[in-house]
Amino acid sequence: MPELPDVEIFKRYVARTSLNKRVESVTVRNAKILGKVSTKALGATVKGRRFRAVRRHGKYLFINLDNSKWLTMHFGMSGSLHYFKSVDEAPEFDRLIFTFSDGYHLGYYSVRLLGRVDLVDNATQFIMSKNLGEDALDPKLTSKTFEELLSSAKGTVKSFLMDQTVIGGIGNIYSDEILFQARLHPKRKVSGLDRNTMDRIYGKMRGVLMKAIECGADSDRLPRSYLIPHRQKGDHCPRCGGPITQIKIGGRSSYICTQCQGMHE
DNA sequence: CCTATAGCCTGACGGC
DNA sequence: TGCCGTCAGGCTATAG
């Protein structure tokens, strides 16, 4: 689930539950979810420290410790966070558990082990080193900047929206939603888009992501007019009633309404 | 340099 | 019921 809206909800969750708490211990149940940092080094650096601040950039979550180091979290395809009182409540797939001095815990959940937790000196430097683009909801990403990015890009609109080195935070699900609302076929090439269309994509991008956050990144709470609640074979377009069809782009599934989303505007 | 494709992992689900 | 193939909201390394 973790695209920008989901990670934003995780960020608020950490802020609400775990901020300013002192870490008593760190339990690594499966070291595969660790990046460069070792279990030992993680424990040594985090133990005794407090969670001072939490930030998000694209699909990454950053937790600032009171020794100025940063925890980085990426959730892969199946990650989330859980806060709980008794360790008996820890879900089976919580691969990493922080225990705070008040006895509560924060668990990093990752069924498929595709997510990563790491430790870095500087979050901004980390973002630079990963070559991540501007966060999709950052005010610095204006419609003008967006147009410039779009104008210098190649390939399809879908790959443009999902390219984390161009814009951070949009994945397979939300790119489908944005293109559905902008009435564009995901295989539409970015070259030759007129200014109106570019602005429409930009507006839908912001609108969809903000709405999703407002709904707690819970697909059940999204408006019925959204594609996401209908994103399955055999379902119907909430706008025109036409069939929702699945197509493959670069090995991944895209869901579209062929009646609403033509190749040409 | 770039775009396109396997590979990483495990669990859920549908078809036989 | 049980097995097997396929698929799942992502990223990275590697091939061409």
Side-chain angles (χ1 to χ4, degrees), chain A residues 1-11 28-36 56-61 72-81 91-96 107-118 120 126-133 135-137 149 152-181 186-191 205 208-209 211-213 215-222 226-235 244-256:
Chain A
M1 64 164 92
E3 297 182 33
L4 186 152
D6 312 275
V7 182
E8 178 63 26
I9 297 303
F10 297 159
K11 176 190 138 183
V28 178
R29 288 176 162 181
N30 191 323
K32 280 188 182 142
I33 56 97
L34 293 181
K36 290 178 183 167
R56 182 189 59 73
H57 184 106
K59 301 174 189 172
Y60 282 91
L61 190 71
T72 70
M73 290 183 181
H74 191 278
F75 298 91
M77 300 234 270
S78 60
S80 59
L81 293 171
E92 180 185 355
F93 301 112
D94 273 7
R95 310 298 193 175
L96 176 66
Y108 170 87
Y109 177 97
S110 181
V111 185
R112 293 169 62 189
L113 303 171
L114 294 175
R116 290 291 177 271
V117 174
D118 215 338
V120 299
F126 175 86
I127 291 163
M128 300 263 288
S129 72
K130 290 272 178 188
N131 207 11
L132 297 178
D135 182 82
L137 283 183
L149 288 171
S152 56
K154 289 177 194 169
T156 65
V157 276
K158 171 119 173 167
S159 61
F160 170 80
L161 288 172
M162 287 181 63
D163 187 343
Q164 302 302 301
T165 67
V166 180
I167 299 171
I170 302 165
N172 200 33
I173 290 279
Y174 285 101
S175 60
D176 274 4
E177 184 66 52
I178 293 161
L179 293 172
F180 170 75
Q181 293 196 21
K187 283 188 178 169
R188 174 75 188 270
K189 303 279 187 204
V190 292
S191 66
M205 174 185 81
V208 164
L209 295 175
K211 188 66 176 178
I213 292 167
C215 295
D218 179 351
S219 57
D220 293 336
R221 287 169 55 196
L222 287 174
Y226 271 48
L227 171 69
I228 291 172
H230 307 275
R231 199 177 174 279
Q232 51 197 318
K233 266 186 182 165
D235 212 323
I244 297 299
T245 54
Q246 181 194 35
I247 59 171
K248 287 273 180 188
I249 304 178
R252 316 262 329 252
S253 284
S254 281
Y255 290 82
I256 57 168

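Note: hydrogens, waters and symmetry copies are ignored here, and every other heavy atom, side chains too, is used. What you see is a predicted model, and the numbers here were worked out from it, not measured in a lab. In what follows, chains carry the letters A, B, and so on, assigned in the order in which the sequence lines appear, proteins first and then strands, with residues in each chain numbered from 1.
Residue A/F75 is out of contact with every strand shown, counting any heavy-atom pair closer than 4.0 Å. Residue A/K130 is in sugar-phosphate contact alone, with no base atom involved, counting any heavy-atom pair closer than 4.0 Å across all strands shown. Across all strands, A/E92 comes closer than 4.0 Å to no nucleic acid atom at all (heavy-atom distances). Using a 4.0 Å heavy-atom distance criterion, A/G251 is classed as making no nucleic acid contact. Within 4.0 Å (heavy atoms only), A/S253 reaches sugar-phosphate atoms of the nucleic acid but no base atom.
Among the candidates A/R56, A/H57, A/M205, A/K59, the single residue satisfying the side-chain contact (heavy atoms from CB on, under 4.5 Å) test with A/L4 is A/R56.
Each of C/dG10, C/dA8, B/dG11 was ranked by its minimum atom distance to the side chain of A/Q246; first place goes to C/dA8. For A/K59, the side-chain atoms get nearest to C/dC11 when compared with the rest of B/dT10, C/dC11, C/dG9. Which of C/dG9, B/dT10, C/dT12 sits closest to the side chain of A/V111 comes down to B/dT10.
Rounded to an integer number of Å, the gap from A/L114 CG to C/dA8 P is 14 Å. As rounded to whole Å, 16 Å separates atom P of C/dC11 from atom CG of A/L113. Here the C1' atom of nucleotide C/dT6 and the CE atom of A/M77 are 13 Å apart, to the nearest Å. In this structure, A/D176 atom CG and C/dG10 atom P are separated by 10 Å, rounded to whole Å. When rounded to the nearest whole Å, the span between CZ of A/R252 and C1' of B/dT3 equals 17 Å. Rounded to whole Å, the distance from NZ on A/K189 to C1' on B/dC2 is 14 Å. C/dG9 atom P lies 17 Å from atom CG of A/D218, rounded to whole Å. As a whole-Å value, the separation of A/L209 CG from C/dG9 P is 17 Å.
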Next on the checklist: Go through it in stages, so that I can follow the logic: the residues are A/F75 and A/Y109, the test is ring pair (Phe, Tyr, Trp, His ring centres under 6.0 Å), and I'd like the CA-CA distance, side-chain angles, deciding distance and then a yes or no.
Outcome noted: CA-CA 8 Å; A/F75 298 91; A/Y109 177 97; over 10 Å; no
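Put simply, CG on A/L113 and CZ on A/R95 are 4.0 Å apart, with the number rounded to the nearest 0.5 Å. Put simply, OH on A/Y226 and CG on A/D176 are 14.0 Å apart, with the number rounded to the nearest 0.5 Å. Rounding to the nearest 0.5 Å gives a distance of 5.5 Å between CG of A/L81 and CE of A/M73. Summarising the geometry, atom CD1 belonging to A/I213 is positioned 14.0 Å from atom CG belonging to A/D218; distances are rounded to the nearest 0.5 Å. In this structure, NE2 in A/H230 is found 8.0 Å from CD1 in A/I244, a value given to the nearest 0.5 Å.
Closest of all the heavy-atom pairs between A/L179 and A/P186 is CD1-CA, 3.7 Å. Residues A/P2 and A/G76 come closest through the heavy atom pair CD-O, 3.6 Å.
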Next on the checklist: Just to be sure I follow the notation: if a pair is Watson-Crick (purine N1 to pyrimidine N3 plus N6-O4 or O6-N4) or a G-U wobble (N1-O2 and O6-N3), each under 3.5 Å, what dot-bracket string does DNA chain B give, with | for pairs to another strand?
Outcome noted: .|||||||.|||||||
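Taking the P atom of each, B/dG11 and C/dT12 are spaced 24 Å apart, rounded to whole Å. Taking the P atoms as reference points, C/dT6 lies 14 Å from B/dA6, given to the whole Å. For the P atoms, the distance from B/dC9 to C/dT14 is 14 Å, rounded to whole Å. With P as the reference atom, B/dT3 and C/dG9 are 23 Å apart, rounded to whole Å.
Of the two residues near DNA chain C, A/Q164 and A/R112, the one whose nearest nucleotide lies more 5' is A/R112.
Between A/R231 and the phosphate of C/dG9, there is a side-chain N or O to OP1/OP2 separation shorter than 4.0 Å. The side chain of A/K233 places no N or O atom within less than 4.0 Å of a non-bridging phosphate oxygen (OP1 or OP2) of C/dT6. Residue A/H74 places none of its side-chain N or O atoms closer than 4.0 Å to OP1 or OP2 of C/dG10.
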